[in-house]
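Input: a single structure, listed below in structure tokens.
When a ligand or atom number is given, it counts from 1 through the structure's own listing order.
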Amino acid sequence: MTEIELIIDLHKNSKRQGPGSERETLKALDFTGLSGINNLKIADIGCGSGGQTITLAQNLSAEITAVDLFPEFLDELNKKSEKLGLKGKIKTLHKSMDDLTFNNEEFDLLWSEGAIYNLGFKNGIQKWADFLKVSGYLAVSEITWITNSRPKEIEEFWMQEYPEIDIASNKIKILENNGFSLAGYFYLRKDSWIQNYYKPLEARFDNFLKRNNFSELAKKIVKENKTEIELYKKYNDYYSYGFYIAKKN
Ligand SMILES: C[S@@+](CC[C@H](N)C(=O)[O-])C[C@H]1O[C@@H](n2cnc3c(N)ncnc32)[C@H](O)[C@@H]1O
């Protein structure tokens, strides 16, 4: 298996592929004020197996297009939405987020939890903005520094992993410079990282290694994830996912 196939193998059959929670999806949704409105059109970009897609479908009158690059995750989402009677509300789309062919002003809401980093925050916002109606909302979560300075070890780790990591005020400036007004901001709680993401991920390491015959590549992936988890435990006062909710001007 290639590295990307192994990463999918590690993350499949899990509720989430990144930090987050139903509570925080609903909190972000609250900033949009879209709850009482009928027949919304929504795109959930980089949906993974659809933890947040299901929450949106259960709480809105909407048709949701859930997009991901990997069909394995979309298959899981289709099974879940079938089971929950949400098949009529969630349509999956196997496509890359940098190659979307939606119409201009097609959506009332663009959602993306922990996935815009694949394009970069600024690039993603610029690429997707046209798909949103005027006065529509964008809700994205993105790795963000909580403090203006931080220890060298964690600074160096994240600058290597994702050099676009920044403080929230700079991310908000990017939104404002690209035709959006901030409607709300908060960052994810520690529980959403540890209980909802890292603990279930750690619990899958042993079986993942076994079913992949302890290959060097599988061991490398586990080691990298363990490093990320250790660093989060040590430095979680300094970074989290910021949740940005913005209205298109
Ligand atoms: C950290 S996960 C977040 C998944 C989900 N939103 C969640 O919070 O559980 C990032 C997601 O982006 C997807 N992804 C990565 N590159 C992508 C691309 N170019 N186009 C669409 N999806 C992509 C991955 O398959 C994965 O599901």
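- Listed by atom number, the atoms of ligand 1 under 4.0 Å from K95 heavy atoms are 20 (N), 21 (C).
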Test log, rule ring pair (Phe, Tyr, Trp, His ring centres under 6.0 Å), inputs F186 and F243:
CA-CA 5 Å; F186 62 94; F243 219 134; 5.4 Å; yes
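- With H11 as the partner, the side-chain contact (heavy atoms from CB on, under 4.5 Å) test is satisfied by one option alone out of N13, I7, D9: I7.
- In Q52, the part holding a heavy atom less than 4.0 Å from any atom of ligand 1 is the side chain.
- When the heavy-atom distances from atom 14 (N) of ligand 1 to I116, D99, N118 are ranked, the shortest goes to N118.
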Ring pair (Phe, Tyr, Trp, His ring centres under 6.0 Å) assessment of F121 paired with Y244
CA-CA 11 Å; F121 190 77; Y244 300 82; 5.4 Å; yes
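- In this structure, atom 20 (N) of ligand 1 lies nearest to the protein heavy atom M97 N, 2.8 Å.
- In this structure, K248 is not positioned above the aromatic face of F180 in the sense of NZ or CZ being under 6.0 Å from the six-membered ring centre and within 45° of the axis.
- Checked by atom type, the side-chain pair S21/N196 shows no donor-acceptor distance below 3.5 Å.
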Criterion salt bridge (charged side-chain N to carboxylate O under 4.0 Å, His left out) on K41 and D108, from CA distance to verdict:
CA-CA 5 Å; K41 279 201 77 179; D108 301 286; over 6 Å; no
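- The protein heavy-atom contact nearest to atom 9 (O) of ligand 1 is Q17 N, 3.0 Å.
- For ligand 1, the atoms closer than 4.0 angstrom to any heavy atom of F70 are 25 (O).
- Distance from atom 19 (N) of ligand 1 to its nearest protein heavy atom, with residue and atom name: S96 OG, 3.0 Å.
- The contact set between ligand 1 and C47, taken as ligand atoms under 4.0 Å from a residue heavy atom, comprises 5 (C), 6 (N).
- The residue from W193, Y187, Y197 that alone fulfils the ring-ring contact (aromatic ring centres under 6.0 Å, His included) condition with Y241 is W193.
- Comparing heavy-atom distances from atom 4 (C) of ligand 1 across A115, G46, G18 singles out G46 as nearest.
- Side chain of N170 to main chain of D166: no donor-acceptor pair is present (N/O by atom type, distance under 3.5 Å, no hydrogens or angles).
- The F73 neighbourhood of ligand 1 comprises atoms 25 (O), 27 (O), with distances under 4.0 Å to a heavy atom of that residue.
- The protein atom (non-hydrogen) at minimum distance from atom 8 (O) of ligand 1 is R16 NH2, 3.2 Å.
- Once rounded to the nearest 0.5 Å, the distance linking NZ of K127 with CD1 of I45 reads 12.0 Å.
- For S49, no heavy-atom contact with ligand 1 is shorter than 4.0 Å.
- Side-chain N or O atoms of S240 include none that pairs as donor or acceptor with a backbone N or O of G242 at under 3.5 Å.
- Among protein heavy atoms, atom 1 (C) of ligand 1 sits closest to G114 O, 3.1 Å.
- Evaluated by nearest non-hydrogen atom to atom 13 (C) of ligand 1, the leading choice among D68, I143, L69 is D68.
- Summary of contacts: the protein heavy atom closest to atom 3 (C) of ligand 1 is E113 O, 3.5 Å.
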